[in-house]
Amino acid sequence: MLKTSLGEKEFERSGDFISGAKKVDGIIFNIQRYSTEDGPGIRTTVFMKGCPLRCSWCQNPEGLSKEPDLVWYQTRCVAALECLKVCREEALKLTEEGMSIDREKCTRCGECVKACPAGALELIGKRYNTEELLDEVLRDRVFYEKSNGGVTFGGGEPMLQVDFLEDILPKLKETNIHVAIDTCGAVPWKYFERIIDYVDLFLFDLKLLDEQKFREYTGGNIGLVTDNARQISSRKIPMWVRTPIIPGYTDDEENIRSISEFVVRNLPTAQRYDLLSFNNMCKSKYERLGMNWELKDVPLIEKGDMEEFRKIAEGTGLSNVRWSGPTRIGGE
Ligand code: SF4
Ligand code: SF4
């Protein structure tokens, strides 16, 4: 599990922090247009900051913290040192190894970003109010209408910003936009309760069903996740269940079989089951965030193994099982 894992109490506090006030801005780290992976049709995916879990394999480490993150791009830096001059906290040092950012001292004021003539520093995570984000996502409305697409909120974990969702989702529904939420499911049910009436589809992660392994590898409580999955399905909301296939963590037959059986028995609204192969493209994101990633040298999954996992899932009675993502040919 990533070292910054939140304990259960801390995660509750982290969620409450974001869900305390009524009218809040969303903190968003990416808006991806023309996505075809995050629900039906052509979609805009909004990536929101903050996650209650700390999966060892997390592909979006820039989504973990609820605060903006300062990153430095070595290839752009021209050593102008303007950033060091403007930083009142003395949080920056340019050494032979690169830019050292003291993240304890850094207040995310953004002054260094403005001062850098080369665009080598960036604050990842921007505030949007509801109207600003609506303007942004409604620009592609014609694509949603033509393709039966819509808007997906992912992250991080979008449910940690439930106040913002509670404000924007009804407005999207007024305009008949299809709304999907991509969730790890590890937040209290009371958060789902507040927005569920405005959601057309949940992309729901079931990574591991073994209680101990789930806690060890993600920091979370699998009982909470499976209870939420059952509740969503009992409310008749369509679901696409997804499992990341991570070498040494989730890639065993028993895990895929037990998740598939859980879906067959408990989630009547599951429309498909997606197996997502491990992707190591996020290595450079960890480096820019100054984080060590224990999976940085792990090879991709073999294509034949993904095929096998698909067959195992189908063998439990699931009919719409797919896999996607990068793979390697056996022996590479
Ligand atoms: S749930 Fe997703 S965003 Fe959160 S740590 Fe796991 S992989 Fe990363
Ligand atoms: S964001 Fe502000 S506090 Fe942080 S390193 Fe830059 S100037 Fe210093």
Side-chain angles (χ1 to χ4, degrees), residues 1-6 11 14-15 28-30 38 45-72 77 81-94 99-116 119-126 153-161 181-187 203-208 213-222 224-225 228 242-246 249-250 276 278-282 285-286 288-291 293-295 325:
M1 186 176 44
L2 293 172
K3 285 210 180 82
T4 42
S5 168
L6 298 181
F11 127 49
S14 149
I28 287 154
F29 66 91
N30 191 13
D38 301 317
T45 304
V46 178
F47 293 87
M48 308 191 72
K49 282 198 50 87
C51 183
L53 298 186
R54 290 296 181 268
C55 307
S56 304
W57 53 84
C58 181
Q59 304 284 298
N60 289 326
E62 72 276 45
L64 292 172
S65 155
K66 62 184 184 291
E67 302 291 344
D69 286 302
L70 183 65
V71 295
W72 174 73
C77 182
L81 304 185
E82 295 303 323
C83 52
L84 274 67
K85 289 180 206 155
V86 297
C87 180
R88 286 189 219 105
E89 313 303 326
E90 299 186 353
L92 299 174
K93 262 195 211 118
L94 190 60
M99 185 66 74
S100 148
I101 302 170
D102 187 331
R103 293 176 194 279
E104 296 289 313
K105 287 185 183 168
C106 173
T107 57
R108 284 103 169 153
C109 69
E111 289 305 316
C112 55
V113 176
K114 282 190 241 157
C116 176
L121 286 158
E122 185 185 343
L123 268 179
I124 297 187
K126 190 177 162 205
F153 290 85
E157 172 51 58
M159 298 297 298
L160 280 191
Q161 298 196 45
I181 300 282
D182 181 358
T183 180
C184 68
V187 297
L203 308 176
F204 198 98
D205 275 14
L206 285 177
K207 306 163 198 286
L208 286 157
K213 286 186 186 166
F214 189 79
R215 184 166 297 285
E216 187 183 345
Y217 299 153
T218 76
N221 169 1
I222 189 60
L224 175 67
V225 175
N228 286 337
R242 320 219 274 189
T243 300
I245 306 295
I246 312 297
Y249 293 85
T250 67
L276 312 174
F278 171 68
N279 188 338
N280 53 16
M281 297 287 283
C282 54
K285 293 187 190 176
Y286 279 92
R288 284 198 289 271
L289 288 162
M291 294 167 75
W293 189 36
E294 60 196 78
L295 276 74

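All values derive from a computational prediction rather than experimental measurement. When a ligand or atom number is given, it counts from 1 through the structure's own listing order.
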Contacting atoms of ligand 2, where contact means under 4.0 angstrom from a heavy atom of G110: 1 (S), 2 (Fe)
C58 backbone or side-chain N/O/S under 2.8 Å from atom 8 (Fe) of ligand 1: yes
Close-contact set for ligand 1 against L64 heavy atoms, below 4.0 Å: 5 (S)
Side chain, backbone, both or neither: the part of D205 lying under 4.0 Å from ligand 1 by heavy atom: neither
Atom indices of ligand 1, in the order listed, that fall short of 4.0 Å to a heavy atom of C51: 1 (S), 3 (S), 4 (Fe), 5 (S)
Under-4.0 Å heavy-atom contact with ligand 2, by part of L92 that carries it: side chain
Donor-acceptor contact present, side-chain N60 to main-chain G156, <3.5 Å: no
Gap separating the CZ atom of R242 from the SG atom of C184, nearest 0.5 angstrom: 12.5 Å
T218 near ligand 1 by a heavy-atom separation under 4.0 Å: no
Pick from Q59, K207, E62: the one approaching atom 1 (S) of ligand 1 most closely through a non-hydrogen atom: K207
Interatomic distance, L53 atom CG to F214 atom CZ [nearest 0.5 angstrom]: 5.0 Å
Expected output: side-chain E157 to main-chain G155 donor-acceptor under 3.5 Å: no
Subset of ligand 1 atoms that lie under 4.0 Å from at least one heavy atom of C184: 1 (S)
Ligand 1 atoms in contact with C55 (distance to a heavy atom under 4.0 Å): 1 (S), 5 (S), 6 (Fe), 7 (S)
Taking atom 4 (Fe) of ligand 2 as the reference point, the nearest protein heavy atom with its distance: C106 SG, 2.5 Å
Carboxylate-amine/guanidinium contact K85 E82, below 4.0 Å: yes
Identity and distance of the protein heavy atom lying nearest atom 8 (Fe) of ligand 2: C87 SG, 2.3 Å
N279 side chain to M281 backbone, donor-acceptor under 3.5 Å: yes
Interatomic distance, Q161 atom CD to F153 atom CZ [nearest 0.5 angstrom]: 10.5 Å
K93 side chain vs S100 backbone, donor-acceptor pair below 3.5 Å: no
Subset of ligand 2 atoms that lie under 4.0 Å from at least one heavy atom of L70: 5 (S), 6 (Fe)
C112 backbone or side-chain N/O/S under 2.8 Å from atom 6 (Fe) of ligand 2: yes
Numbered atoms and elements of ligand 2 in range of E89, under 4.0 angstrom, heavy atoms: 3 (S)
For G156, the ligand 1 atoms whose distance to one of its heavy atoms is below 4.0 Å: 3 (S)
Check: R54 main-chain N/O paired with T218 side-chain donor or acceptor under 3.5 Å: no
Contact with ligand 2 for V86, non-hydrogen, under 4.0 angstrom: no
Atom 2 (Fe) of ligand 2: the protein heavy-atom neighbour that sits closest, reported with distance to 0.1 Å: C109 SG, 2.3 Å
Aromatic contact, W57 with F278 (centres under 6.0 Å): no
Per-residue contact class, I101 against ligand 2 - non-hydrogen pairs under 4.0 Å: neither
Sidechain-backbone polar pair: R103 side chain, L70 backbone, donor-acceptor under 3.5 Å: yes
Geometric class of the F47/F29 ring pair [parallel <30°, tilted 30-60°, perpendicular >60°]: tilted
